[in-house]
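Worksheet: one structure, shown below.
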Amino acid sequence: MLNTALAAQPSVATRAISAISATDLHKRFSGQEVDAIAGLKMEVAQGSITGLVGPDGAGKTTLLRMMAGLLTPTSGSLRVLDCDPAQDASSLHLQLGYMPQKFGLYEDLSVLENLELYADLRNVLGQAREQSFRKLLAFTDLTRFTARYAGKLSGGMKQKLGLACTLLGTPKVLLLDEPGVGVDPISRRELWKMVRELAQGGMTVLWSTAYLDEAELCDAVHLMNQGRVLASGTPQSLMQTMQGRCVQITDIAGNKRAVLRKALHAPEVMDGVIAGRHVRLVLRDAAKLPDLAACEAGPAAQIVAVAPRLEDAFISLLGGGPGGESTLANLMPAIQAANAQHAVIEAEQLTKRFGDFIATDNVSFSVARGEIFGLLGPNGAGKSTTFKMECGLLKASGGRALVMGYDLKQSPSQARQLLGYMAQKFSLYGQLSVLQNLEFFSGIYGLRGTRQREKMQQMVEAFALQPYLHTAAETLPLGFKQRLALACAVMHEPQVLFLDEPTSGVDPVTRREFWTHINGLADKGVTIMVTTHFMDEAEYCDRIALIYRGKMLALGTPDELKESVASAEQPNPSMEQAFIQLVQGADHD
């Protein structure tokens, strides 16, 4: 969980005055048959942090853009600080800060130059400008980095600079569209601390997020889907509705992935995830438990109750998770290996230098056939550099990166034919249609004729891409962009799969769908290396390497990493708590 101590801090969220209100709000875009916002009703209390939560395409960004005056409602009423954003944009402009998902930092300008540009745009001049800069740089801990180009900042620092630019002029309302996407747990915690301080000072914050652990820290939450609010209330009140329906299968013998898959087939179960050495389930009815024998969890396995999470309530409102069967894995042949114990991915004293800077410093590990291996680390720690050397995108300065025995420095082309790669940022051709991207990438991997057409059709069916075949990839909803990227990475049936933050920014249902595919591919013998900033996802990994300041900080199973930081005060740390303590412990040392 994200710094849960913050949630206990006093807040002014109990004020009855609404800073934002919407009544019967509709927005339909030209050429669309359904409303993006459909009869929405909402109240946002003044001086609160309110979470806006929903799956991809729920209407969160559309709603925020209407509040910011960038879109005009089709019908209904919308008031922000008692102003109509569409009619009173000029008077609202200086009272409102809006930070979109892709905030417009100029990467070839320094931190200070970006602040100066946004100060000009918000008419912050003279002594007020100097005071604002001094305060915001101290607030975001960027004072030491004023001369650094924005493009050279880590993901967390970019978000903090974006927040500083948004806060120029001291707005009364702050609209944040998924500011935690792609940001490591430590940076997300720092962002939350800053935003909590702003709310305690009387600022109203509307925080859009797909991360339900973030939403648990809000004073109030609105759960959205298909342009409507499904439920509203405090996180605690929404979690309370799930009391008695959340359980764990403990003392599992054998493969946890197989147990989860079988449990998700049980009619009593609506959702499930791997949680360390356990399998965590959400039941349809508190009185009806799944049959442990049918789950094949082992003779010592038992079902115990656990506390509900906001994510459980969200999944329940949506009717349950995607199930445990991977249509993608069912299409993939099982990989037969003469020696299943032989390392498939290897790093031998892997080192990468950029001038005098050492991004990766003598990192060594090996990954076995069919293993899911996670690379974790804070933004800028060397995790992505290590990952890119292992999949052949960067040449090592020292040491060796091997895939299936091929040295990527000596035989890159042979190795690349055996692997699939999905980039952190959408890397397909945005102006090409879905069909054209599938055709291009299948050709790159050597598929031709009937075989190519068959694999393309299989990917269309496995990822439900049929409605989007002739849609430009850049205009797809985020979840479908990620599905298309994964489809292009696996069409040639690779034995090794590299996934760089494959679920960054997607909602919990899509995240579960992706991990169902990943688990299914691993069971077929595909070896998978994955990076993630979402700590619950790290629980799915068989082993984890934690990279910090270019070095290997820890290596082991998720439970081994958690046990390494356990104490009398914190006997059962979460994966996120383990991540933070290991990194902060290294800083202290």
Side-chain angles (χ1 to χ4, degrees), residues 1-3 154-157 180 182-190 211 213 274-277 343 345-352 357-368 371-391 394 396 399 401 424 498-504 515 518 522 527-567 570 572-589:
M1 303 298 293
L2 278 170
N3 195 19
S154 70
M157 292 168 72
V183 176
D184 66 77
I186 294 173
S187 297
R188 278 205 287 155
R189 187 177 68 165
E190 291 171 351
Y211 295 111
D213 59 341
I274 290 174
R277 59 171 63 92
I345 301 172
E346 296 174 86
E348 297 179 352
Q349 295 182 314
L350 207 53
T351 300
K352 181 64 180 179
F357 176 67
I358 302 176
T360 300
D361 191 359
N362 285 298
V363 169
S364 298
F365 56 79
S366 63
V367 185
E371 187 175 12
I372 301 176
F373 188 83
L375 271 183
L376 303 186
N379 294 109
K383 168 186 82 267
S384 294
T385 301
T386 304
F387 183 89
K388 288 176 180 177
M389 284 190 287
E390 272 299 342
C391 57
L394 278 177
Q424 176 182 351
F498 290 90
L499 304 173
D500 197 1
E501 297 193 36
T503 62
S504 180
W515 277 97
I518 293 168
T527 305
I528 298 165
M529 180 178 282
V530 60
T531 69
T532 182
H533 283 311
F534 193 78
M535 292 300 103
D536 280 1
E537 288 188 351
E539 299 275 21
Y540 283 92
C541 298
D542 296 304
R543 286 187 304 141
I544 290 167
L546 179 55
I547 308 293
Y548 185 49
R549 295 188 175 180
K551 294 183 178 291
M552 178 87 76
L553 183 59
L555 176 66
T557 67
D559 287 320
E560 286 170 348
L561 266 60
K562 287 184 286 187
E563 287 165 4
S564 72
V565 302
S567 64
Q570 191 172 263
N572 296 301
S574 67
M575 192 65 226
E576 182 156 311
Q577 288 166 334
F579 177 99
I580 291 169
Q581 286 193 41
L582 286 166
V583 170
Q584 290 181 338
D587 281 336
H588 183 267
D589 293 339

*Looking at Lys388 and Asp500, does any basic side-chain N land under 4.0 Å from a carboxylate oxygen?*
no

*Is it true that Arg277 and Glu560 have a side-chain N and a carboxylate O under 4.0 angstrom from each other?*
no

_Quick check: closest heavy atoms across Met552 and Ser364, and the distance to 0.1 Å?_
CE-O, 3.1 Å

*For the residue pair Ile544 and Ala538, what are the closest heavy atoms and their distance?*
CD1-O, 3.6 Å

*With rounding to the nearest 0.5 Å, note down the distance linking OG in Ser187 to NE2 in His533.*
8.0 Å

*Inter-residue atom distance Leu394.CG - Thr385.OG1, 0.5 Å rounding*: 6.5 Å

*Output yes when a side-chain donor or acceptor of Thr360 lies under 3.5 Å from a complementary backbone atom of Gly550, and no otherwise.*
no

*Inter-residue atom distance Thr386.OG1 - Met529.CE, 0.5 Å rounding*: 9.0 Å

*Take Arg188 and Asp213 through the test salt bridge (Lys or Arg N to Asp or Glu O under 4.0 Å) and record every step on the way to the result.*
CA-CA 11 Å; Arg188 278 205 287 155; Asp213 59 341; 3.6 Å; yes

*Is Trp515 close to Val530 at the side-chain level, that is, under 4.5 Å between some pair of heavy atoms?*
yes

*Contact summary for Pro378 and Tyr548, nearest pair of heavy atoms*: CG-CD1, 3.7 Å

_Rounded to the nearest 0.5 Å, what separates atom CD in Glu539 from atom OG1 in Thr557?_
9.5 Å

*Within the side chain of Glu371, is there an N or O that forms a donor-acceptor pair under 3.5 Å with the backbone of Ala368?*
yes

*Would you find more than 12 non-hydrogen atoms of other residues, nucleotides or ligands less than 6.0 Å from Gln349 atom CD?*
no

*Hey, are the side chains of Lys551 and Asn362 touching, using non-hydrogen atoms and a 4.5 Å cut-off?*
no

_Taking Ile372's backbone N and O only, do any of them form a donor-acceptor pair with Asp542's side chain (distance below 3.5 Å, no angle check)?_
yes

_Donor-acceptor contact below 3.5 Å, side chain Lys383 vs main chain Gly377_ = yes

*Hey, could you give me the CZ/CD1 distance between Phe365 and Ile345, rounded to the nearest 0.5 Å?*
7.5 Å

*Counting distance only, does the side-chain N/O of Thr531 pair as donor-acceptor with the main-chain N or O of Leu375 below 3.5 Å?*
no

*asked:* Working note: Glu576 + Lys562, criterion salt bridge (Lys or Arg N to Asp or Glu O under 4.0 Å); need CA distance, chi angles, decisive distance, verdict.
replied: CA-CA 9 Å; Glu576 182 156 311; Lys562 287 184 286 187; over 6 Å; no

*Between the side chains of Thr532 and Glu537, is a donor N or O closer than 3.5 angstrom to an acceptor N or O?*
yes

_Aromatic ring pairing Phe498/Phe387, orientation class (parallel under 30°, perpendicular over 60°, tilted between)_ = perpendicular

*Of all the heavy-atom pairs spanning Pro573 and Val565, show the shortest one and how long it is.*
CG-CG2, 3.8 Å

_Polar side-chain atom of Gln577 near backbone of Ser574 as donor-acceptor pair, under 3.5 Å_ = yes

*asked:* On a heavy-atom basis, which atom in Tyr211 and which in Gly180 lie closest, and how many Å separate them?
replied: CE1-O, 3.8 Å

*Looking only at non-hydrogen atoms, find the nearest pair between Ile186 and Asp184 and report the distance.*
N-OD1, 2.9 Å

*Per the side chain to side chain contact (heavy atoms under 4.5 Å, CB included) rule, which among Leu376, Asp361, Leu555, Val363 passes with Ile547?*
Val363

_Is there a salt bridge (Lys or Arg N to Asp or Glu O under 4.0 Å) between Asp587 and Arg549? Walk through the geometry before answering._
CA-CA 10 Å; Asp587 281 336; Arg549 295 188 175 180; 2.9 Å; yes

*To the nearest 0.5 Å, tell me how far Phe579 CZ sits from Arg189 CZ.*
10.5 Å

